[in-house]
Each structure stands twice: as structure tokens, then as C-alpha cells.
Amino acid sequence: MSSLVQMMNSPPDQLDLKTTDIAHEFPPFLTVYKNGTIKRNVGSPFMPAPENLNGVRTKDVVVSSHPKVTARIFLPESLTPGEKLPVLVYIHGGGFCVESALSYFYTPYAASIASTCNAIVVSVDYRLAPEHRIPACYDDSWEALKWVVSHASRSGPDPWVNEHADFGRVFLAGDSAGANISHTLAAWAGVKGLESDVKISGVIMVHPFFGDGKPDGLWDFCCSDGTGLDDPRLNPAADPALLEKLACGKVLICTAENDILRPRGWSYFEALKESEWKGEVEIVETKGMGHVFHLFNPNCEEAVSLMKLVASFMKDDKVLSLL
């Protein structure tokens with residue numbers, strides 16, 4: 001995490017606090033002081049939407065006004081008029097409490113997805129906990145998915161999505177906490193349904209964060225409506241009936257050998273396989289790498305291979321071989 005730029009959501013003169021003033025610490029993400037100050041220890045600064053980023057056009061849109069939720073859209077520039085592309089709704093990680101779709105960290109990554117996968121990427125800038133307690137991140141991401149679906153009639157608010165989205169190929173994806181949110185969105189789509197009968201083709205979960213059966217202090221601190229260790233957002237296996245309603249045809253889970261969250265991805269894989277869900281699930285592990293290595297070093301051989309894997313999954317190729 002040392003490569004990330006420190007972000008703080010309080011003025012500098014309020015941050016001259018002592019260790020004795022700390023109420024809670026949630027490394028590496030947050031330090032919470034007794035006076036209510038919240039210090040974000042990691043995270044990259046915002047980046048204005050570039051007009052063109054390595055052959056990909058970008059812009060910011062408002063997907064919900066109450067509350068205000070934005071997303072950053074990425075569209076490959078080499079398109080023919082009327083050409084239709086798959087749509088990937090991407091949800092960033094960061095422990096539900098740091099980072100942004102609009103950051104220097106996630107903007108280049110989402111542009112790379114759009115370019116490599118030849119897809120429209122809608123990267124969701126959900127509200128962060130603990131100022132906006134869980135389930136705000138889930139609700140905001142759900143609003144973004146509904147916003148995408150609202151274009152299925154070709155009369156939605158955004159011309160890029162109206163003209164170029166293939167609503168027969170809609171995907172959800174995310175890393176870490178964002179992978180967790182992606183799962184819940186797919187479950188909600190199975191319960192609530194989506195307008196215009198749009199179906200989710202697949203879900204891509206990279207180094208997913210789920211519970212491990214032990215108390216999680218950060219989750220409890222950030223969550224306003226949790227049901228403890230049996231909360232199906234934290235522990236999908238706790239509600240098999242909801243797990244089997246996952247509204248997608250296939251799921252790809254990516255783990256990393258040296259990732260502390262690795263066992264949680266494998267546990268999710270086993271729970272999904274053993275459930276009554278009718279789709280196909282695949283899991284691929286990258287050897288010798290740690291948590292979200294592809295974000296910290298996007299040009300390394302393993303990160304390039306992981307991106308190709310995502311592209312193959314979206315093209316409906318089999319990806320069962322290990323990296």
C-alpha cells in the first residue's frame with residue numbers, strides 16, 4: 001500500500017492528533033479519532049476524466065441524483081457507427097471505505113479493461129463508509145446497474161450507451177470489496193429483477209473479500225444494518241436460497257497465491273458449486289502474487305495474463321487453465 005498517495009478527509013490542522021486520541025484503528029485503511037475525525041491512510045487522489053486515455057474516451061455521468069452517485073464511462077475510440085459492445089459495470093475495491101472510480105489508481109485500469117476487452121466500462125463511484133454506512137455502497141452500485149439497464153430501449157440519458165451497448169452481454173466485475181458488491185448485485189438482480197428483461201451474462205470477482213467466519217471490526221464499524229457473521233453480503237453461504245438466485249449464467253473467481261484473502265475466494269467457489277445455482281463457475285489462481293497485484297503493477301506479466309483472462313471470459317471462452 002506504500003505506493004498509494006495518502007488521503008485524509010479532514011483539514012490538516014485537525015489531524016495533529018496523538019495516539020492517545022485514537023478511538024479505532026483499521027489498518028491499512030482508517031484511523032478514527034475520539035473527536036470524530038476520520039483519517040484515510042491509503043488511497044489515490046482524484047483524476048479529471050481525460051478526453052482520451054490510450055485510445056479510450058472517458059467522461060463522468062450522474063447515475064442517481066438522490067443521493068448523488070456518479071460513474072466514469074470508458075468507450076474504445078476505434079468504433080464504427082452503431083457498433084455494439086459488451087457492457088462491464090465495474091466496482092472498485094478499498095475495504096468499502098477508501099479509493100474512487102475517479103482516481104489515478106482506477107481510471108487507467110478501467111481504461112485498460114475497455115481497450116483490452118473491447119467493451120464499454122461503467123466504473124461506479126459509490127459513497128464510502130463510514131460517513132455513508134453500509135449498505136450505501138451496495139445501493140449506489142445497484143442504482144448504477146439500473147442506470148445502465150435504463151438504456152435498453154435506446155432512449156436512456158447517455159448517447160454512448162444508447163448507441164453502442166449490447167444488452168445481451170452485460171457483465172459485473174470488481175476487485176476485493178468491489179467483488180463482494182458485484183456478488184450482491186447479481187443476487188439482488190435475481191430477487192428483484194431488472195427492467196427490460198436485461199440479463200447479466202457473467203460476474204468477474206478478482207481477489208474477493210468475504211467474511212471468514214470471524215468477527216470483522218471494519219465491517220461492523222461501517223455497517224448500519226448488519227446481521228453479524230450471518231449477513232449474506234458478508235457470508236453468501238449463510239443464505240443458500242439467495243445464493244442460488246444469482247442472476248447470471250457464469251462466474252469467474254480470480255485468486256492470488258500469496259493473498260491473505262485467497263481462502264475466502266476458494267470458500268465462495270465451493271459454496272457456489274454446492275448450491276442449487278444453475279450457472280457455471282470457474283476459479284483461476286495466479287501463482288506467487290499478492291492481493292490486487294494487477295492494480296499495483298498493471299504491466300507485469302501476471303497482470304497482462306489476468307486481463308487476457310477477463311477478456312476471454314467475456315468472449316465466452318473457457319478459462320479453466322491456471323495462469
Do NZ/NE/NH1/NH2 and the carboxylate oxygens of [X] and [Y] come within less than 4.0 Å?
X	Y	value
Asp139	Arg127	no
Glu131	Arg40	yes
Lys34	Asp21	no

Review point. Between Arg133 and Asp225, does a salt bridge (Lys or Arg N to Asp or Glu O under 4.0 Å) hold up when you go through it step by step?
Key: CA-CA 9 Å; Arg133 303 187 74 188; Asp225 66 348; over 6 Å; no
How long is the gap from [atom1] on [X] to [atom2] on [Y], to the nearest 0.5 Å?
X	Y	atom1	atom2	answer
Glu282	Leu252	CD	CG	6.5 Å
Phe26	Asp220	CZ	CG	8.5 Å
Tyr268	Lys273	OH	NZ	14.0 Å
Phe209	Leu234	CZ	CG	5.5 Å
Thr70	Lys68	OG1	NZ	7.0 Å
His151	Ile120	NE2	CD1	9.5 Å

Within the 4.5 Å heavy-atom criterion, are [X] and [Y] side-chain neighbours or not?
X	Y	value
Val42	Glu99	no
Leu145	Ile200	yes
Ile91	Leu185	yes
Cys254	Leu306	yes
Val292	Val206	no
Leu295	Asp175	yes
His291	Leu261	yes
Phe29	Leu218	yes

Would you say the side-chain atoms of [X] pair up with the backbone N or O of [Y], donor to acceptor, closer than 3.5 Å?
X	Y	answer
Asn297	Phe293	no
Arg264	Phe210	yes
Glu83	Thr80	yes
Glu77	Val56	no
Ser201	Gly168	yes
Ser44	Phe105	yes
Ser64	Pro67	yes
Asp166	Pro86	no
Asp125	Ala71	no

Test of understanding: clusters of I, L, V, M, F, W, Y form through side-chain heavy atoms closer than 4.5 Å, transitively. Do [X] and [Y] belong to the same one?
X	Y	answer
Met307	Val284	yes
Leu88	Leu53	no
Leu79	Phe167	yes
Val191	Leu194	no
Leu242	Trp188	no

[X] to [Y], cation-pi by 6.0 Å centre distance and 45° axis angle:
X	Y	value
Lys39	Tyr33	no
Lys192	Trp142	yes
Lys245	Trp277	no

**Study point:** His92 ring center near Tyr126 ring center (under 6.0 Å)
**Key:**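 Aromatic pair counts; centres sit under 6.0 Å.
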Practice item. Verify whether the ring centers belonging to Tyr109 and His294 lie closer than 6.0 Å. Key: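 Yes, ring centres under 6.0 Å apart.
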Exercise for review: Evaluate the side chain to side chain contact (heavy atoms under 4.5 Å, CB included) criterion for residues Trp147 and Val69: first the C-alpha distance (whole Å), next the side-chain angles of each, then the deciding distance (0.1 Å), finally the verdict.
Suggested key: CA-CA 11 Å; Trp147 180 87; Val69 181; over 6 Å; no
Practice item. Show your working on side-chain hydrogen bond (donor to acceptor under 3.5 Å, both in side chains) between Thr255 and Glu285 and close with a plain yes or no. Key: CA-CA 5 Å; Thr255 63; Glu285 184 160 302; 2.9 Å; yes
Check your understanding: What do you reckon, is CD1 of Ile260 surrounded by more than 12 foreign heavy atoms closer than 6.0 Å?
Key -> no
Check your understanding: According to the interplanar angle, ranging from 0 to 90°, do the rings of Trp219 and Phe96 count as parallel (below 30°), tilted (30 to 60°) or perpendicular (above 60°)?
Key -> perpendicular
**Study point:** Stepwise side chain to side chain contact (heavy atoms under 4.5 Å, CB included) test for Asn118 and Ser115
**Key:** CA-CA 5 Å; Asn118 198 32; Ser115 176; over 6 Å; no
Could you tell me which non-hydrogen atom of [X] sits nearest to which non-hydrogen atom of [Y], and how far apart they are?
X	Y	answer
Pro50	Thr107	CD-CG2, 4.2 Å
Ile253	Pro208	CG2-CG, 4.2 Å
Cys97	Leu128	O-CD1, 3.6 Å
Lys84	Ala165	CD-O, 3.5 Å
Leu229	Asn235	O-CB, 3.4 Å
Ser182	Gly174	OG-N, 3.6 Å

Practice item. Assess whether side-chain hydrogen bond (donor to acceptor under 3.5 Å, both in side chains) is satisfied between Asn180 and Tyr138, documenting all intermediate values. Key: CA-CA 9 Å; Asn180 172 302; Tyr138 296 95; 2.6 Å; yes
Check your understanding: Tracing side-chain links under 4.5 Å among I, L, V, M, F, W and Y, which residues wind up in one group with Tyr104?
Key ->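 Taking Ile, Leu, Val, Met, Phe, Trp and Tyr as members, Tyr104 shares its hydrophobic cluster with Met47.
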**Study point:** Residues Arg233, Cys223; criterion side chain to side chain contact (heavy atoms under 4.5 Å, CB included); working and verdict
**Key:** CA-CA 11 Å; Arg233 297 167 302 189; Cys223 192; 3.7 Å; yes
Check your understanding: Distance only, no hydrogens: is a donor on one side chain within 3.5 Å (strictly under) of an acceptor on the other, for Asn41 and Thr31?
Key ->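 Yes - a donor-acceptor pair under 3.5 Å links their side chains.
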**Study point:** Stepwise side chain to side chain contact (heavy atoms under 4.5 Å, CB included) check, Val203 with Val251
**Key:** CA-CA 5 Å; Val203 180; Val251 171; 4.3 Å; yes
